[in-house]
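Since the structure comes first, as structure tokens, the remarks are kept for the end.
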Amino acid sequence: MRMRPTLSWTPAGDPLPGTTDLRQVTEALSSGGVLVLSGAGISTESGIPDYRGAGGSLSRHTPMTYQDFTAAPQARRRYWARSHLGWRTFGQARPNAGHRAVAAFGRHGLVSGVITQNVDGLHQAAGSQDVVELHGSLARVVCLSCGAGCSRQELARRLTQANTGFDPVAAGMNPDGDADLTDEQVGDFVVAPCTVCGGVLKPDVVFFGEAVPPARVAACRELVERATSLLVLGSSLTVMSGLRFVRQAALAGKPVLIVNRDPTRGDRHALTRVELPLGAALGAVADRLGVPLDGRPQPPL
């Protein structure tokens, strides 16, 4: 089953007023058992843009869909050219204060797990355990024919060898590591096939229009069931893949707290929406709880 892409939503009714008061977030974390659901907004301070915030990438381009990727060789050429260039920046991103705070909360037993909609691996790089990558990871590649996998570093090496001199200047970067290039810049970029069967390689991520694997959804639902509350960090909750867990928590009577600069599709289920920058907000909560952040540098993906 494949999901119809949801790229935007229109708020209905009176929006939940935003606040800068962190007391309810602090109280929830102090009680422990908090499940974190993170979105692109937590990674913007690491230099990775989001989709829907101010200046988000959806204002200038439509993301690759599963249907387009699998249907047309030219679409795959365009995707891999843009993604190969974008990986040079995306793969060097480092965790920011928000990621480090989530990891610190986990080390102190305040966070029970992390569900992330991001594909950047920054929660794990910051030291978080029990992370479910809802939409997969750009650090992995999989063959659509035989299922063989490889690392993104290995594929990057092969693409570099096959495309000597490919070094265009991108107009911008997108949250999925896709650099903005024109068709002229893409040119005759050579796409690397699977080394096992010669099939089509795809990043091990859930594209727009593609369903999250059922087993992964079930694992996330179990995390929601075990949690005492749900803390949403940097997500507009536009897509159902994340919103369903907010609805599940609210239906079960579990507090939902949101830290996001803009209104979200899940606001009506939330006790509060804090509209502060995530790094500063979570750092302030950590200070109030006496939880030190680990600022050690982490290796790239």
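We count residues from 1, following the sequence as given.
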The side-chain contact (heavy atoms from CB on, under 4.5 Å) partners of Thr182 (sequence neighbours excluded) come to Glu184, Gln185

Residues at least two apart in sequence or cross-chain that pass ring pair (Phe, Tyr, Trp, His ring centres under 6.0 Å) with Phe207, listed by chain then number, are Phe69, Tyr79

Can you find a heavy atom in the side chain of Met173 that is under 4.5 Å from one in the side chain of Asp180? no

Checklist entry - If you measure from the Lys or Arg side-chain nitrogens to the Asp or Glu carboxylate oxygens, is any gap between Glu27 and Arg288 under 4.0 Å? => result no

Original post:
Would you call Arg221-Glu225 a salt bridge at under 4.0 Å N-O?
Top reply: no

In short, Ser46 meets Asn96 closest at the heavy-atom pair OG-ND2, 3.0 Å

Exercise. Taking atom CG of Asp183 as the centre, does the number of heavy atoms from other residues, nucleotides or ligands within less than 6.0 Å exceed 12?
Worked result: yes

Smallest heavy-atom separation, Ala28 atom then Leu257 atom, equals CB-CD1, 3.8 Å

*Look at Glu45 together with Arg94 and state whether they make a salt bridge at an N to O cut-off of under 4.0 Å.*
no

Open item on the list: Evaluate Arg157 against Gln161 for side-chain hydrogen bond (donor to acceptor under 3.5 Å, both in side chains), listing each step before the verdict.
Closed with: CA-CA 6 Å; Arg157 183 189 64 79; Gln161 290 179 343; 3.2 Å; yes

In terms of heavy-atom contacts, Ala170 and Leu85 come closest through CB-CD2, 3.8 Å

query: Would Val131 and Ile48 show up in the same hydrophobic cluster when neighbours are defined by side-chain heavy atoms closer than 4.5 Å?
result: no

Carboxylate-amine/guanidinium proximity below 4.0 Å for Glu154 and Arg152:
no

Can a salt bridge be assigned to the pair Asp167 and Arg88 using a cut-off of 4.0 Å between side-chain N and carboxylate O? yes

